[in-house]
Amino acid sequence: MAKEKIILTGDRPTGRLHIGHYIGSLKRRVELQNSGEFDKIYIMIADAQALTDNFDNPEKVRQNIIEVALDYLSVGLDPAKSNLFIQSQISELTELTFFYSNLVTVSRLQRNPTVKSEIQLRNFEASIPVGFFNYPISQAADITAFKATTVPVGEDQLPMIEQTKEIVHKFNSIYGETLVLPEALIPKNEAQGRLPGTDGKAKMSKSLGNCIYLSDDEKTVKEKIMSMYTDPLHIQVSDPGHIEGNTVFTYLDAFSTDAHFQAYLPDYANLQELKDHYKRGGLGDVKIKKFLNNVLQEELAPIRARRAEYEKDIQGVYDILKAGTEKAHEAAAQTMSEVKAAMKINYFDDVELIKAQAAKYTRAE
Ligand code: TRP
């Protein structure tokens, strides 16, 4: 049998998901789901990982499970094709983390660039909680428990996949071929990979108040777009404008297609023409913002509509998560038993072992 193609990915439930999550990962997941190329798809709400830096605020994590689940369903993840589940309910993931941590050194974890910058962001420099420090190892457990071959993630997650690959190599070389080597799948263009906040700051983040959420209503989205950061030197319409660092253009790079121009701004064939005009001068910010609004509303309208349907049946959403978690548990339990066998800690299942031990103590009478 050819090797199965399996996807695993997930998100921390620390807030509602925004259009940065969408263009950086969710949209691609739905395309992959609908491509029919994958044998299994696991989408995980990473609550245990969220607790590594929110251990003092479990209510926040708890409240956001349903938000993330609704966001998943509303973008078109289909529970008949994609298994949605909750990380903390799969005890094998913590078990694997424990055994994998034997294979990773402290200095290797310290070199992980994503962890490094997160430590700074959270002011953990002086004293890093061990759980947080270990989360790349737990992420390796998430990925390998499901034998994932493909991990669609944002670019910031590449160091985690690298770390996972190292663990897989080390595990397999010590204990024998057991774990599957995953590959990361990252966004196609740079703007999609790192969408800045509406204020032009590097990242969309709830605390900066610069996010457009998938669940924002039409009016809110429009208001946020109309007050977006553009080019501070572009004061008069006639002034030449800058594209670089201009958030509206970054969003257009991420979201707009030539078809959008035909539909909403037919004076321009494509984004390049619009950029050229902006750079020459004579193109106002309001016009480009209105265009962006049309583009985003078109993308978000079906998502909003689907969300509204699922919001009417919250019990049903929990049922979806529960069923998904049960299936995920079966898959992880299978891997766990293979890992235990490889690591020689499957004492009670190992008939040969017990026989051999008995033979050692069998004396010729
Ligand atoms: N670290 C990821 C994030 O911050 C979430 C995550 C946890 C994840 N485990 C994973 C992503 C495994 C991919 C694979 O969004």
Side-chain angles (χ1 to χ4, degrees), residues 6-29 32 38 40-54 60-61 64-65 67-69 71-72 75 77 82-90 92-94 96-97 100 109 112-119 121-122 131-168 179-187 193-195 203-206 211 214 324-325 328 331-332 335:
I6 300 176
I7 288 180
L8 175 118
T9 187
D11 300 274
R12 298 180 192 183
T14 54
R16 289 179 289 151
L17 300 181
H18 51 62
I19 62 169
H21 294 114
Y22 177 71
I23 203 68
S25 177
L26 295 169
K27 187 174 182 175
R28 184 78 172 280
R29 286 181 212 175
L32 294 170
F38 289 86
K40 290 180 189 130
I41 302 174
Y42 296 97
I43 310 287
M44 178 179 74
I45 302 182
D47 63 334
Q49 189 175 105
L51 284 167
T52 64
D53 62 332
N54 291 279
K60 170 172 148 191
V61 174
N64 280 302
I65 299 275
E67 296 299 336
V68 171
D71 287 330
Y72 280 170
V75 297
L77 287 173
S82 293
N83 216 58
L84 310 183
F85 73 98
I86 305 179
Q87 183 185 31
S88 64
Q89 305 306 297
I90 316 284
E92 286 80 2
L93 299 178
T94 36
L96 288 172
T97 304
Y100 293 171
L109 284 174
N112 184 313
T114 301
V115 175
K116 252 191 198 167
S117 67
E118 286 178 326
I119 286 171
L121 202 73
R122 288 165 179 73
F132 181 81
F133 189 59
N134 270 355
Y135 95 74
I137 304 179
S138 114
Q139 200 154 329
D142 300 337
I143 293 167
T144 53
F146 299 97
K147 302 185 163 71
T149 51
T150 309
V151 187
V153 280
E155 211 177 314
D156 64 320
Q157 296 294 305
L158 282 177
M160 305 301 160
I161 314 299
E162 274 315 302
Q163 185 109 52
T164 302
K165 287 183 174 178
E166 286 176 31
I167 290 172
V168 168
L179 302 176
V180 174
L181 197 69
E183 288 300 331
L185 198 62
I186 61 167
R194 340 170 152 249
L195 200 74
K203 225 179 156 167
M204 278 205 178
S205 110
K206 193 175 172 179
C211 304
L214 292 172
T325 299
T335 304

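Remember, it's 1-based here, ligands and their atoms both numbered in the order they're listed.
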Test: salt bridge (charged side-chain N to carboxylate O under 4.0 Å, His left out). Region: residues 44-53. Which pairs qualify, not counting sequence neighbours? Arg12-Asp53, Asp53-Arg122
With a 3.5 Å distance limit and no angle check, can you tell me whether Ser25 reaches the backbone of His21 through a side-chain donor-acceptor pair? no
For the pair Ile137 and Leu109, evaluate side chain to side chain contact (heavy atoms under 4.5 Å, CB included) and give the outcome as yes or no after the intermediate values. CA-CA 9 Å; Ile137 304 179; Leu109 284 174; 4.1 Å; yes
Are the side chain of Thr114 and the backbone N or O of Pro159 linked by a donor-acceptor pair below 3.5 Å? no
Does the side chain of Tyr42 come under 3.5 Å of the side chain of Asp142 through a donor N or O and an acceptor N or O? no
Close-range residues for ligand 1, whose non-hydrogen atoms fall below the 4.0 Å threshold: Leu8, Thr9, Gly10, Arg12, Met44, Ala46, Gln49, Gln139, Asp142, Ile143, Val151, Val153, Gln157
Which heavy-atom pair separates Thr335 from Thr144 by the least distance, and what is that distance? CG2-O, 3.7 Å
